[in-house]
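First, the structure itself, so that you have it in front of you.
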Amino acid sequence: MSNYQQQNAVVLFSGGLDSTTCLYWAKSQFAKVTAVSFRYGQRHSSELITAQKISQSLGVSHHIIDIDIGKLGGSALTDTAISVPDYDASVVYDDSQQVAPVTYVPARNTIFLSYALAVAEVTDASAIIIGVSSVDYSGYPDCRADYITAFENMANLATVAGRQGHKLSIIAPLQNLSKAETLKLGLSLGVDYSQTVSCYQADADGRACGTCDSCHLRKQGFIDAGVADPTRYQSLD
């Protein structure tokens with residue numbers, strides 16, 4: 001039996017491949033799970049529709065929080081004046097890279113985790129689950145293990161529960177998993193990936209563009225896992 005069976009958790013949930021895997025994982029581990037999504041000025045709302053459907057199917061309480069960080073601009077995911085680039089195999093992300101990809105939304109994970117921290121206090125949760133990975137990702141600085149550790153330390157200084165010795169954990173189950181390994185984990189938990197939306201510029205029906213970084217990582221993950229890709233693509237439908 002999991003050590004978490006008597007505890008509650010909050011899951012940052014976008015309706016994408018990674019966060020859906022995390023939601024299913026949390027559901028299998030914790031006594032009560034609350035999913036939190038954000039309407040933050042992103043290009044499309046199909047991911048939120050997907051998040052609602054998946055949460056409902058799992059019987060998980062789901063909250064959509066409105067916070068328009070898109071007004072700040074600076075990201076192709078929130079500013080329609082900036083084009084979402086196609087995947088470029090010549091670009092390699094590593095610690096030496098000084099410029100973030102244009103799809104990086106400034107401070108997004110910090111903002112999301114802060115809201116999730118408030119939800120955790122209200123729901124008496126001992127953990128926040130986030131689907132970041134340092135293996136297959138688009139070079140975002142707030143997906144690294146040192147960042148997650150730093151936020152966890154801050155969270156335990158910032159809350160009444162933390163100050164009273166009731167430790168809150170920020171758990172990233174996928175941190176060291178490739179996309180293929182993530183898929184295998186999710187499939188073992190019963191995830192239906194045809195229901196998930198990962199594309200940076202999915203259409204109103206949730207169909208993927210098939211060319212952005214996120215689509216490439218997703219497609220390659222299915223190939224590496226040896227699993228048929230159930231994703232609906234705009235060019236194929």
Side-chain angles (χ1 to χ4, degrees), residues 11-26 35 37-38 40 42-55 57 75-78 83-93 100-105 108-109 112 129-140 142-144 172-237:
V11 178
L12 287 177
F13 186 46
S14 71
L17 185 154
D18 294 330
S19 68
T20 300
T21 303
C22 285
L23 185 64
Y24 272 72
W25 178 83
S37 304
F38 295 88
Y40 64 93
Q42 61 266 56
R43 281 178 173 266
H44 61 82
S45 60
S46 53
E47 64 179 26
L48 295 177
I49 296 172
T50 292
Q52 287 179 310
K53 290 179 179 178
I54 294 173
S55 297
S57 70
S75 171
L77 297 194
T78 59
S83 298
V84 174
D86 289 344
Y87 168 73
D88 185 348
S90 69
V91 178
V92 178
Y93 300 110
V102 295
T103 51
Y104 166 66
V105 180
R108 183 177 65 175
N109 280 351
F112 287 1
I129 316 300
I130 182 171
V132 296
S133 172
S134 294
V135 182
D136 286 337
Y137 76 123
S138 295
Y140 304 152
D142 53 4
C143 287
R144 301 302 186 92
L174 316 181
Q175 186 72 72
N176 300 309
L177 300 185
S178 67
K179 198 67 72 180
E181 291 170 330
T182 295
L183 283 166
K184 290 177 180 178
L185 171 61
L187 291 171
S188 74
L189 295 168
V191 176
D192 177 1
Y193 285 110
S194 70
Q195 301 299 311
T196 63
V197 176
S198 302
C199 179
Y200 289 152
Q201 50 189 353
D203 66 14
D205 293 322
R207 296 179 303 177
C209 72
T211 60
C212 68
D213 268 4
S214 185
C215 280
H216 168 76
L217 290 171
R218 180 181 171 113
K219 286 193 290 185
Q220 191 61 49
F222 281 107
I223 291 171
D224 293 343
V227 177
D229 184 355
T231 307
R232 295 182 302 120
Y233 293 102
Q234 295 168 28
S235 60
L236 300 179
D237 288 2

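This one's a predicted model, so the numbers in the text were calculated from it and none came from an experiment.
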Non-neighbouring partners of Q52 that pass side chain to side chain donor-acceptor pair (under 3.5 Å), sequence neighbours left out: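 Here no residue qualifies.
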
Set of residues satisfying ring pair (Phe, Tyr, Trp, His ring centres under 6.0 Å) with respect to Y104, sequence neighbours excluded: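 If we apply the ring pair (Phe, Tyr, Trp, His ring centres under 6.0 Å) test to Y104, skipping adjacent residues, the hits are Y140.
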
Side chain to side chain contact (heavy atoms under 4.5 Å, CB included) partners of A51, counting only residues at least two apart: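 Only F13, S37, H62 meet the side chain to side chain contact (heavy atoms under 4.5 Å, CB included) criterion with A51.
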
Partner residues of T182 under the side chain to side chain donor-acceptor pair (under 3.5 Å) criterion, sequence neighbours left out: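 Partners of T182 under the side chain to side chain donor-acceptor pair (under 3.5 Å) test: none.
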
Listed once per pair and sorted, the salt bridge (Lys or Arg N to Asp or Glu O under 4.0 Å) pairs that draw on residues 187-200, sequence neighbours left out: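 Counting only pairs at least two positions apart or across chains, no salt bridge (Lys or Arg N to Asp or Glu O under 4.0 Å) contact touches residues 187-200.
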
Those residues that, when tested against H44, pass ring pair (Phe, Tyr, Trp, His ring centres under 6.0 Å) (two or more places apart):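 H44 satisfies ring pair (Phe, Tyr, Trp, His ring centres under 6.0 Å) with no other residue.
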
With sequence neighbours excluded, residues passing side chain to side chain contact (heavy atoms under 4.5 Å, CB included) with L189: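 L189: side chain to side chain contact (heavy atoms under 4.5 Å, CB included) contacts with Y24, W25, S28, L185.
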
Pairing residues for T50 by the side chain to side chain donor-acceptor pair (under 3.5 Å) criterion, not counting sequence neighbours: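 So T50 forms no side chain to side chain donor-acceptor pair (under 3.5 Å) with any residue.
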
Non-neighbouring partners of S75 that pass side chain to side chain donor-acceptor pair (under 3.5 Å), sequence neighbours left out: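 With sequence neighbours excluded, S75 shows a side chain to side chain donor-acceptor pair (under 3.5 Å) to no residue whatsoever.
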
Non-neighbouring partners of Y40 that pass ring pair (Phe, Tyr, Trp, His ring centres under 6.0 Å), sequence neighbours left out: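 With neighbours one apart ignored, the set is F112.
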
Contacts of D203 that satisfy salt bridge (charged side-chain N to carboxylate O under 4.0 Å, His left out) - sequence neighbours left out: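 Scan of D203 (salt bridge (charged side-chain N to carboxylate O under 4.0 Å, His left out), adjacent residues dropped) gives R207.
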
Set of side chain to side chain contact (heavy atoms under 4.5 Å, CB included) partners for A172, sequence neighbours left out: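 A172 satisfies side chain to side chain contact (heavy atoms under 4.5 Å, CB included) with I130, V132, Q175 only.
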
